[in-house]
Amino acid sequence: MDMIVWQPLSTWAEKFKYEFAASSGAVQSLGMFDALSGVGPAVTRALRSILVPPIRLIGRAIAALPRGPELSPEQSRRVAAIVRTLIIGSIVIFLTWALMRGFIALVRTLSQPWPSDAKQIPEAILLSTLRMTLAYAISLAWTVPCALAASESPRFNRVLSPIAEIVGSMPATALFPIIVIVVIQITGGMNLASILLILTGMQWYLLFNLLAGINQVPEDLKEAARAFGLSRTARWRKLILPAVTPSLITGSITAWGGGWNALILSEYFVYKNQTYQVLGIGSLLDAATYKSGNGVMILLSLLSMIAVVLLLNRLMWRPLYNLATERYRLDY
Amino acid sequence: MAFLELKNISKSFAHAKGMLKVLEGITFDVEEGEFVAIVGPSGCGKSTLLRIINGIVPMSSGQVLYRGRQVDGINLECALVFQSFALLPWLSVKANVELGLEAQGLPPAEREKRAGIYIDKVGLDGFEEAYPRELSGGMKQRVGFARALAVEPKVLMLDEPFSALDALTAITLREELLDIWQSPDMPVKNIVHVTHIIEEAIELADRIIVMAASPGRIVKDLKVELPRPRDRRAEAFNALTDKVFSLIEERG
Ligand SMILES: Nc1ncnc2c1ncn2[C@@H]1O[C@H](COP(=O)(O)OP(=O)(O)OP(=O)(O)O)[C@@H](O)[C@H]1O
Ligand SMILES: [Mg+2]
């Protein structure tokens, strides 16, 4: 049993682990694939704990049966190979079938007449990305100076790190209603509220990663910078900023992930039977889900959002990450 | 008036359980032109003392006088060479060597010229555009020396500069260090050299300051009277080595 199922399964899981480790050099997969690869070993473990006891029972029962002719090691290996092929084969067939079904369902849904809202999708995507960019710029504008200040003052660093940890670990979405109500009451602008909500989903990732990066700047390099009389700005320019660049990129990738997450909730908001919304991919998705229940619209918004996320990862974050880890690596 | 005067320097670091006394009552003078080696067991505070002298670590009490004056902050006429090289990995050899030149107010063209001169002097001609990770350990330390020499310091401060290198590379670099120090067109007057290799100290220095640990203090200050170039196999060399060894061992 071990030979037939668990070994291949754990090599499969190992492969994910390996890719995960290797990805510290170059990102193998960003976004949704990362989630998958993290799950690989866990899936194996879970499957194993569910399946092993009954299989072991069956195995015992079989072992208790009267024995037929002894198989030679060569023969038993061949039997194992056949059984393995059968099992893997049936799994592959099942998965293919499931995929086909899914695909057919997808095509069938999309071939229904598209709602008129669909025309808004490009504009919605653009507006949402703009909100994300603004929130990201605001995050950068305060976290980078904070990180630089932390690099100047160990005491500020010691104070900031635990505070950031506590504030950052509070579920931002829980604060959404309060933020929205307050902001709308004060300014009446749902756009501003939405950007602030995205900000709460972004900024902490950035701050965490930047602080972690600051703490990794080697002591001897800091000493060298001071011993050779670098001014504060020269020190930032030549040492601190290059050294935190990889952390900045990693932080940005996670921040954008958190941002998209918050975005979905941030553009559409119902309070006291009144709907507050701004045009964006998040509000299209929410409206389709909670109001019209239009399957085509849900699917279209989801797919276009996934497409944007994947494109951004491919075209921007992955090259930036590779560049940063290549040029600003701290080993020398 | 001595070139460098250290007066009753002590240093404590804050630790989990109160203060840790690292240096106590360090007093000595360095005359102009002297090559001083500081030896002692690991953890006796040699690196800390070196950093107190050039001002990047503040002392708890005491005084450092440089040419009779107290220096506020960092003394830029002391240039440091690190055991770990401490090169910026994202800067080319040339940019690394130029590190200290901006602070001297040199215009960019001048910096570039100066860096070129010292890169040549340490034998790295042709490697100006290389990055530290492309260099061998010995070459990296040559960059470390070029960076320190380029600021044309009066005092060269070496913190175990050869400890991370293989024996053969270390031998070559030691010889080159002596050449640099003795060459008349180098502004370097003094060298303060921290090491835990006693033979290295005896081979290079005019004077050896032997330290003991807990708290770090001076146990002996002795002149090396052997004629240069020094022969490691000479009897007098070995006798002195034994003497310094026993001084260190005595204090455990
Ligand atoms: N920044 C610091 N904070 C706290 N303790 C420190 C700090 N720097 C040095 N120490 C402590 O001071 C003592 C002396 O350190 P130092 O590096 O000066 O010794 P050393 O003689 O150079 O040792 P080695 O030969 O191992 O390099 C050690 O116990 C070290 O733990
Ligand atoms: Mg040391």
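Note that these values count all heavy atoms, side chains included, but never hydrogens, waters or copies made by symmetry. Residue numbers begin at 1 in each chain, while the letters A, B, ... track the order of the sequences.
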- prompt: Does atom OH of A/Tyr205 have more than 12 heavy-atom neighbours, drawn from other residues, nucleotides or ligands, at distances under 6.0 Å?
  reply: no
message: When you compare the side chain of B/Ser84 with that of A/Leu221, does any pair of heavy atoms fall below 4.5 Å?
response: no
message: Quick test of your reading of the model: are A/Lys238 and B/Glu98 salt-bridged, counting only N-O distances below 4.0 Å?
response: no
task: Locate the shortest heavy-atom distance separating B/Trp90 from A/Leu239; write the atom from each residue and the value.
output: CZ2-O, 3.5 Å
- request: Drop me the distance from B/Leu76's CG to A/Arg226's CZ, to the nearest 0.5 angstrom.
  value: 11.5 Å
- prompt: Looking at B/Ala103 and A/Gly229, what are the two nearest heavy atoms and their distance?
  reply: CB-O, 3.1 Å
- prompt: Which bit of B/Ile74 comes within less than 4.5 Å of chain A, counting heavy atoms only: side chain, backbone, both or neither?
  reply: side chain
- request: Assess whether atom CZ of B/Arg67 is packed by more than 12 heavy atoms of other residues, nucleotides or ligands within 6.0 Å.
  value: yes
- prompt: So, B/Arg133 side chain and A/Arg329 main chain: donor-acceptor pair closer than 3.5 Å or not?
  reply: yes
More than 12 heavy atoms from other groups under 6.0 Å of CZ on A/Arg327: no
- request: Step by step, work out the side-chain contact (heavy atoms from CB on, under 4.5 Å) result for B/Ile56 and A/Phe228.
  value: CA-CA 10 Å; B/Ile56 60 175; A/Phe228 284 98; over 6 Å; no
query: Does any heavy atom of chain A fall under 4.5 Å from the side chain of B/Arg51, the backbone, both, or neither of them?
result: side chain
